[in-house]
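Order of appearance sets the numbers: ligands from 1, and atoms from 1 within every ligand. FYI, side chains are in, hydrogens and waters are out, and symmetry mates aren't considered; it's all heavy atoms of this structure. Owing to the predicted nature of the structure, the values given are computational and were not obtained by experimental measurement.
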Amino acid sequence: MTTVSTIDVSNLRPRTLPSAPAAQRWSVDQVEALFALPFMDLLHRAQQVHREHFDPNEVQLSTLLSIKTGGCSEDCGYCPQSAHHEGSVEASKLMALHEVLQAAKAAQDQGATRFCMGAAWRSPKERDMEKVTEMVREVRALGLETCMTLGMLEAEQAQALKDAGLDYYNHNLDSAPEFYGKIISTRTYQDRLDTLSNVRQAGINVCCGGIVGMGESRLERAGLIAQLANLDPYPESVPINNLVAVPGTPLADQAPLDPFEFVRTIAVARITMPTTMVRLSAGREQMDEALQALCFAAGANSIFYGDRLLTTSNPQAERDRALMTRLGLRAQGERPAAKDEQAA
Ligand code: SAM
Ligand code: DTB
Ligand code: SF4
């Protein structure tokens, strides 16, 4: 077993130059040593890195829409949309284009700059591709950035989405490879890496993160972050989801993660992936505002915005607006307030 105390954490930086093979950039031990820093030191490091690359008072807002809900053939233990679980949500068909556009316009009116469409599929079928590429074209024509999460993709499917103008594709690694098999059996870790590679090859921005609070150890959380940080290049967007323990799923009774450990995960993601957008994702509804503020202080700079995630609830947009005002946070793309406006 590795002891973290032998690692000098005072100057933990990627071991090799960024152009070196990515797989050697962050060892799990190095990432675990970051997790083990005193909380204040960890936050300070994360803030330093964050301020080197971003305006710390700016947050990117994406709104999610479930365009095809439930009845999923995969057995992801956390997911209420899996047909394998007793309490799974009712299955519905792929939404019609006009309904998707209506939701996209409403999201835009609320201030979202990206619209993320999710489908409960193992992977899209050929007949679906025509419909989802049309959605991408039309949502983009509204002036929104587009994101989709449709499950596994073949190279040609990724290319078709790119040709339609898709900006981001979300596909998560979810956990460390060592823990993954306890949660999902119907698709392998390698399947996920293959999809990510197809998305990258097609030239679509990669949105890839994971879930914490599923009963994994800190070492396994470090393993997830190391996997993400060693992707070459690392994802442009990294959603960190805190498990929403949904009744009827195998993880329904999972004890919540220590909130400070969640903040640590955000901070470690920020330090190891300095230029990525770290997204404070599922689980915000269960957090109080002080905890969310700590997540922003730890380097989170993007959220899901709107009162629904896919099937579970998210804070109301007005509540998020009020929190952002209290913290002096601006939505990305918004004009900075003049000094006298701030004081008012
Ligand atoms: N079906 C597609 C797939 O799995 O790639 C896309 C949708 S799936 C719901 C997207 C991600 O949402 C999952 O990879 C997981 O990280 C996250 N997620 C799903 N259920 C969750 C839950 N109960 N709590 C937290 N995150 C969850
Ligand atoms: C991601 O990492 N989190 C979002 C998005 N990508 C698609 C989904 C969260 C889903 C939470 C459970 C639900 O609402 O069904
Ligand atoms: Fe299906 Fe995605 Fe849910 Fe897994 S996470 S069961 S693939 S919808």
Side-chain angles (χ1 to χ4, degrees), residues 62-85 87-92 94 114-124 128 132 147-153 157 168-175 179-180 183-189 191-196 198-199 206-216 224 228 235 237-254 256-257 262 265 269 277-287 300 302-315:
S62 292
T63 293
L64 270 173
L65 176 70
S66 181
I67 57 170
K68 196 271 163 208
T69 308
C72 185
S73 61
E74 304 304 284
D75 68 351
C76 312
Y78 48 75
C79 185
Q81 303 200 68
S82 166
H84 294 255
H85 314 323
S88 57
V89 297
E90 209 179 308
S92 68
L94 182 61
R114 190 176 306 159
F115 193 63
C116 180
M117 295 159 269
W121 286 326
R122 174 175 170 79
S123 56
D128 305 319
V132 295
C147 175
M148 281 200 155
T149 177
L150 312 171
M152 296 187 288
L153 289 187
Q157 295 177 314
Y168 286 81
Y169 193 78
N170 167 241
H171 195 64
N172 292 340
L173 288 176
D174 275 350
S175 68
F179 186 75
Y180 181 88
I183 303 294
I184 300 154
S185 77
T186 50
R187 69 163 65 129
T188 65
Y189 212 77
D191 287 333
R192 290 183 186 251
L193 292 168
D194 291 347
T195 290
L196 292 170
N198 291 337
V199 171
V206 172
C207 171
C208 178
I211 315 186
V212 295
M214 298 192 292
E216 75 286 339
L224 165 67
L228 295 168
S237 163
V238 173
I240 304 291
N241 295 281
N242 200 359
L243 175 74
V244 180
V246 182
T249 62
L251 293 177
D253 298 322
Q254 183 61 48
L257 184 68
F262 185 79
T265 310
M277 301 298 289
V278 176
R279 187 181 300 275
L280 171 54
S281 301
R284 262 190 333 113
E285 176 81 324
Q286 289 72 28
M287 293 176 195
S302 136
I303 55 170
F304 285 121
Y305 175 69
D307 58 2
R308 257 196 126 53
L309 290 165
L310 292 173
T311 66
T312 64
S313 58
N314 196 44

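The nearest heavy-atom contact from the protein to atom 24 (N) of ligand 1 is Val244 N, 3.0 Å. Shortest contact from atom 10 (C) of ligand 2 to any protein heavy atom: Leu310 CD1, 4.1 Å. Atom 15 (O) of ligand 2 has as its closest protein heavy atom Thr311 OG1, 2.6 Å. Counting protein heavy atoms only, atom 27 (C) of ligand 1 is closest to Ile211 CD1, 3.7 Å. Of the protein's non-hydrogen atoms, Thr312 OG1, 3.6 Å is the one closest to atom 12 (C) of ligand 2. Protein heavy atom at the shortest distance from atom 1 (Fe) of ligand 3 is Cys72 SG, 2.3 Å. Regarding atom 6 (N) of ligand 2, its nearest protein heavy-atom neighbour is Asn170 OD1, 3.0 Å. For atom 3 (N) of ligand 2, the closest heavy atom belonging to the protein is Asn241 OD1, 3.0 Å. Annotation: atom 7 (C) of ligand 1 to nearest protein heavy atom, Thr149 OG1, 3.8 Å. Remark: minimum distance from atom 4 (C) of ligand 2 to any protein heavy atom is reached at Phe304 CE1, 3.6 Å. Scanning the protein heavy atoms around atom 14 (O) of ligand 1, the nearest turns out to be Asp174 OD1, 3.1 Å. Distance from atom 10 (C) of ligand 1 to its nearest protein heavy atom, with residue and atom name: Asn170 OD1, 4.1 Å.
Each of Leu196, Asp194, Thr195 was compared with Leu153 under the side chain to side chain contact (heavy atoms under 4.5 Å, CB included) criterion, and only Thr195 meets it.
Separating the CG atom in Leu243 from the OG1 atom in Thr249 is a distance of 7.0 Å, to the nearest 0.5 Å. Expressed to the nearest 0.5 Å, how far SG of Cys76 lies from CZ of Arg122 amounts to 10.0 Å. One distance of note links OG1 of Thr188 with OH of Tyr180; it measures 6.5 Å at 0.5 Å rounding. The line from CG of Leu65 to SG of Cys147 is 12.0 Å long, rounded to the nearest 0.5 Å. To the nearest 0.5 Å, the span separating CG on Leu280 from CG on Asn241 amounts to 9.5 Å. Annotation: the span from Lys68 atom NZ to Gln81 atom CD amounts to 7.5 Å, rounded to 0.5 Å.
Close contacts between ligand 3 and Cys76 involve ligand atoms 4 (Fe), 5 (S), 6 (S), 7 (S) [criterion: under 4.0 Å to a heavy atom]. Each of the following atoms of ligand 2 lies closer than 4.0 Å to a heavy atom of Thr149: 7 (C). Atoms of ligand 1 lying under 4.0 Å from at least one heavy atom of His171, given by number and element, are 5 (O). Heavy-atom proximity to Asn172, at under 4.0 Å, picks out these atoms of ligand 2: 1 (C), 2 (O). Against a heavy-atom cut-off of under 4.0 Å, Leu310 is close to the following atoms of ligand 1: 9 (C). Here is the list of ligand 3 atoms found below 4.0 Å of a heavy atom in Tyr78: 5 (S). Counting the atoms of ligand 3 from 1 in the order shown, those under 4.0 Å from a heavy atom of Ala120 are 8 (S). For ligand 3, the atoms closer than 4.0 angstrom to any heavy atom of Ser82 are 6 (S). Less than 4.0 angstrom separates some heavy atom of Asn241 from each of these atoms of ligand 1: 16 (O), 25 (C), 26 (N). Applying the 4.0 Å criterion to heavy atoms of Ala282 picks out, from ligand 1, the atoms 25 (C), 26 (N). Taking a cut-off of under 4.0 Å to the non-hydrogen atoms of Asn242, the atoms of ligand 1 that pass are 25 (C). Within ligand 2, the atoms closer than 4.0 Å to a non-hydrogen atom of Leu309 are 14 (O), numbered from 1 in the order shown. The atoms of ligand 2 that sit less than 4.0 Å from any heavy atom of Pro239 are 2 (O).
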Margin query: Applying side-chain contact (heavy atoms from CB on, under 4.5 Å) to Ile211 and Asn242, what does each step give before you reach the verdict?
Written below: CA-CA 6 Å; Ile211 315 186; Asn242 200 359; over 6 Å; no
Next item on the list: Step by step, work out the salt bridge (Lys or Arg N to Asp or Glu O under 4.0 Å) result for Asp174 and Arg192.
Entry: CA-CA 10 Å; Asp174 275 350; Arg192 290 183 186 251; 3.5 Å; yes
Check: Are Leu310 and Thr69 close enough, and set up right, to give a side-chain contact (heavy atoms from CB on, under 4.5 Å), and what steps lead you there?
Finding: CA-CA 8 Å; Leu310 292 173; Thr69 308; over 6 Å; no
Note to self: Checking Leu94 against Trp121 for the side-chain contact (heavy atoms from CB on, under 4.5 Å) test, could you report, in this order, the C-alpha distance in whole Å, the side-chain angles of both residues, the deciding distance, and whether it holds?
What the structure shows: CA-CA 10 Å; Leu94 182 61; Trp121 286 326; 4.0 Å; yes
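The shortest heavy-atom distance from Arg187 to ligand 1 is under 4.0 Å. Every heavy atom of His84 sits 4.0 Å or more from the atoms of ligand 3.
Checked against a 3.5 angstrom limit, the closest N/O atoms of Asn172 and ligand 1 fall inside it.
When Tyr78, Tyr169, Trp121 are checked for heavy-atom proximity to atom 18 (N) of ligand 1, Tyr78 turns out nearest. Nearest-heavy-atom check against atom 2 (C) of ligand 1 across Pro80, Cys79, Gly151, Ala120 picks out Gly151. When Cys207, Cys72, Ala119 are ranked by how near their heavy atoms come to atom 1 (N) of ligand 1, first place goes to Ala119.
Remark: the backbone N or O of Ile303 is paired with a side-chain donor or acceptor of Arg279 at under 3.5 angstrom. Side-chain N or O atoms of Glu74 include none that pairs as donor or acceptor with a backbone N or O of Cys72 at under 3.5 Å. For the pair Thr63 (side chain) and Tyr305 (backbone), a donor-acceptor distance under 3.5 Å is present. Panel note: side chain Asp75, backbone Ser185; a donor-acceptor pair is recorded below 3.5 Å. Remark: side-chain polar atoms of Tyr169 are paired, donor with acceptor, to backbone N or O of Leu150 under 3.5 angstrom. Side chain of Arg284 to main chain of Phe304: a donor-acceptor pair is present (N/O by atom type, distance under 3.5 Å, no hydrogens or angles). Of the possible polar contacts, none joining the His84 side chain to the Gly77 backbone as a donor-acceptor pair under 3.5 Å is found. When atom types are taken as modelled, the side chain of Asn314 and the backbone of Leu309 share no donor-acceptor pair closer than 3.5 angstrom.
For residue Cys79, no N/O/S atom approaches atom 4 (Fe) of ligand 3 to within less than 2.8 Å.
Counting heavy atoms closer than 4.0 Å to ligand 2, residue Val244 contributes nothing at all. Using a 4.0 Å cut-off between heavy atoms, Arg122 makes no contact with ligand 3 at all.
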